[in-house]
Amino acid sequence: MRIATWNVNSIRTRVGRVVDWLERENIDVLAMQETKCRPDQFPYAEFERAGYEVVTHGFNQWNGVAFASKHEMTEITHSFDEMPGFGKPVKGQDQGTGPEGDPLEARALGVTVGDLRLWSLYVPNGRGIDDPHFDYKLRWLEALRKNAEAWIGADPDLPLALMGDWNIAPLPSDMGDPQFVEGRSTHVSVPERQMFESFSSVVSDPVRELVPDEYTFWDYQAGRFQKDEGMRIDFILGSQAFTDAVTGASIHRDERRGDGPSDHVPVVVDIDLSLVAETFDDEDDRPMVF
């Protein structure tokens with residue numbers, strides 16, 4: 001099974017590229033971020049023609065997360081416990097509120113595929129280290145980590161993956177954009193990197209081991225891609241049960257080329273389902289072919 005994450009930076013703008021890539025690379029499940037549309041605006045038909053079902057969560061032209069899958073998705077969840085909110089409510093949309101009463105943004109979507117528990121996550125940017133959005137980012141990540149600890153604590157054998165745009169470059173080698181100054185800019189500040197590191201108690205990065213040096217994002221401005229001044233900020237972090245089943249990984253740099261690309265590229269892992277769990281092993285229980 002091939003599982004991927006991709007910040008598509010507007011699915012309505014890039015649906016052709018995304019679906020073409022899904023078919024070409026034979027992806028089973030794709031987590032998407034920054035879809036920038038409401039569910040009623042999502043281009044379902046293109047995915048359905050390619051054999052994918054879609055679940056999506058979004059309120060307007062900002063944020064938004066989704067999954068496209070060849071296989072049934074269940075236990076669909078639009079937020080995690082104590083997820084903080086931010087900003088003002090979207091007119092006409094029932095967003096729900098966080099623990100402090102702020103409206104929840106469309107930044108988290110959880111689904112179950114077989115025995116895999118998968119999350120598409122669009123971590124807040126932070127904007128600036130003195131901006132209220134930065135504190136929101138840290139609180140959002142702290143709530144996510146506590147949930148991940150609880151999920152694994154309740155089921156140590158859970159094959160869990162936290163996938164998406166984390167908006168953090170955790171290592172010095174992950175930041176090649178000269179606009180970002182370590183310790184003074186978002187994405188490379190000490191609190192963000194410490195927060196990212198705190199997830200290591202429950203999840204690890206199987207892609208890093210197999211693809212140690214590659215970026216996943218290049219800004220559109222100042223020829224960043226041509227100069228290879230990028231960042232590694234998109235990750236698939238897995239629990240022990242998930243990571244043990246990973247047999248391969250890749251970062252698809254070429255998707256940053258050509259006409260109308262996203263500023264992010266896909267990150268992919270290959271999973272050996274025989275190492276995951278019983279649901280996929282019993283042929284009588286799974287009518288679909290993997």
Side-chain angles (χ1 to χ4, degrees), residues 1-9 18 21-22 25-35 55 65-71 73 77 80 107-123 141 144-145 147-149 151-152 158-171 173-174 187 193 195-217 230-253 255-256 262 264-273 275-277:
M1 180 183 248
R2 304 200 85 190
I3 298 173
T5 183
W6 192 358
N7 178 322
V8 295
N9 191 12
V18 172
W21 178 80
L22 285 171
E25 297 297 332
N26 194 25
I27 303 297
D28 289 276
V29 183
L30 172 64
M32 291 173 273
Q33 303 84 42
E34 211 172 352
T35 52
V55 295
V65 281
F67 275 98
S69 174
K70 291 181 178 179
H71 316 294
M73 293 178 281
T77 310
F80 45 81
R107 292 185 176 274
L109 179 63
V111 301
T112 296
V113 179
D115 287 310
L116 303 174
R117 184 60 177 166
L118 309 175
W119 283 86
S120 180
L121 303 166
Y122 183 35
V123 175
L141 285 164
L144 174 63
R145 191 199 68 239
N147 276 269
E149 290 171 345
W151 298 329
I152 297 301
L158 176 67
L160 167 72
L162 307 179
M163 308 187 290
D165 177 359
W166 288 71
N167 271 314
I168 298 172
L171 302 179
S173 60
D174 295 332
H187 297 60
R193 285 178 164 173
M195 182 62 72
F196 190 94
E197 176 62 24
S198 73
F199 280 82
S200 64
S201 62
V202 284
V203 291
S204 59
D205 184 354
V207 180
R208 174 88 66 182
E209 183 176 344
L210 297 167
V211 189
D213 300 308
E214 184 58 274
Y215 298 136
T216 65
F217 168 92
M231 314 179 196
R232 188 174 185 140
I233 57 176
D234 301 86
F235 299 94
I236 298 175
L237 304 184
S239 65
Q240 191 67 54
F242 183 92
T243 298
D244 286 348
V246 172
T247 59
S250 51
I251 294 174
H252 291 224
R253 178 189 178 96
E255 289 307 308
R256 186 60 175 79
S262 172
H264 296 251
V265 298
V267 180
V268 180
V269 292
D270 295 296
I271 299 289
D272 183 343
L273 291 176
L275 301 176
V276 175

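For the pair Asp272 (side chain) and Thr247 (backbone), a donor-acceptor distance under 3.5 Å is absent. The backbone N or O of Leu158 lies less than 3.5 Å from a partner atom in the side chain of Ser239, making a donor-acceptor pair. In this structure, Asp28 contributes its side chain and Arg2 its backbone to a donor-acceptor pair below 3.5 Å. In terms of modelled atom types and a separation under 3.5 Å, the side chain of Arg193 and the main chain of Leu171 share a donor-acceptor contact. Using modelled atom types, no side-chain atom of Thr35 and backbone atom of Ala66 make a donor-acceptor pair closer than 3.5 Å. Arg253 places no side-chain N or O within 3.5 Å of a backbone atom of Glu214 that could act as its donor or acceptor partner. Judged by distance alone, with hydrogens and angles left aside, the side-chain atoms of Ser120 form no donor-acceptor pair with the main-chain N or O of Leu109 at under 3.5 Å. With hydrogens and angles ignored, the 3.5 Å screen pairs no side-chain donor or acceptor of Ser69 with any backbone N or O of Val29.
Between Arg208 and Asp174, some side-chain heavy-atom pair lies under the 4.5 Å cut-off. Residues Val203 and Phe235 fail the side-chain proximity criterion, which asks for heavy atoms closer than 4.5 Å.
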Check your understanding: So Val246 and Glu209, side chain to side chain contact (heavy atoms under 4.5 Å, CB included) or not? Walk me through it.
Key -> CA-CA 11 Å; Val246 172; Glu209 183 176 344; over 6 Å; no
Practice item. Could you please spell out the steps behind the side chain to side chain contact (heavy atoms under 4.5 Å, CB included) verdict for Val269 and Phe242? Key: CA-CA 10 Å; Val269 292; Phe242 183 92; 4.0 Å; yes
Check your understanding: Between Arg232 and Val207, is a side chain to side chain contact (heavy atoms under 4.5 Å, CB included) present by the stated rule, with each step listed?
Key -> CA-CA 11 Å; Arg232 188 174 185 140; Val207 180; 3.7 Å; yes
Review point. Should Glu255 and Ser262 be marked as a side chain to side chain contact (heavy atoms under 4.5 Å, CB included) after you check the CA-CA gap, both sets of side-chain angles, and the distance that decides it?
Key: CA-CA 8 Å; Glu255 289 307 308; Ser262 172; over 6 Å; no
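Taking each heavy atom of Pro159 and Val276 in turn, the nearest pair found is CG-CG1, 3.7 Å. Taking each heavy atom of Gln33 and Asn7 in turn, the nearest pair found is OE1-N, 3.3 Å. The two atoms that bring Gly238 and Pro206 nearest to each other are N-CD, 4.2 Å, heavy atoms only.
Distance check: Leu275 CG to Thr243 OG1 gives 12.0 Å after rounding to the nearest 0.5 Å. To the nearest 0.5 Å, atom CG of residue Leu121 and atom CD1 of residue Ile236 are 11.5 Å apart. Residue Asp165 holds its CG atom at 7.5 Å from OG1 of Thr216, rounded to the nearest 0.5 Å. Atom-to-atom distance recorded for Met32:CE and Phe67:CZ is 9.0 Å, nearest 0.5 angstrom. The line from CG of Asn167 to OH of Tyr122 is 6.0 Å long, rounded to the nearest 0.5 Å. Separation of atoms CD1 (Ile3) and CG (Leu116) is listed at 5.0 Å; rounding is to 0.5 Å.
The side-chain contact (heavy atoms from CB on, under 4.5 Å) search around Thr77 returns Arg117, Trp119, not counting sequence neighbours. Looking at residues two or more places apart in sequence or on another chain, you find a ring pair (Phe, Tyr, Trp, His ring centres under 6.0 Å) between Trp21 and Trp6, His252. Taking the salt bridge (Lys or Arg N to Asp or Glu O under 4.0 Å) definition, one finds that Arg145 meets it with Glu149, sequence neighbours left out.
Under the 6.0 Å cut-off for aromatic ring centres, Phe199 and Trp166 qualify, their centroids lying closer than that.
There is a side-chain donor-acceptor pair under 3.5 Å between Glu197 and Ser200. Between the side chains of His264 and Asn9, no donor-acceptor pair is found at a separation under 3.5 Å.
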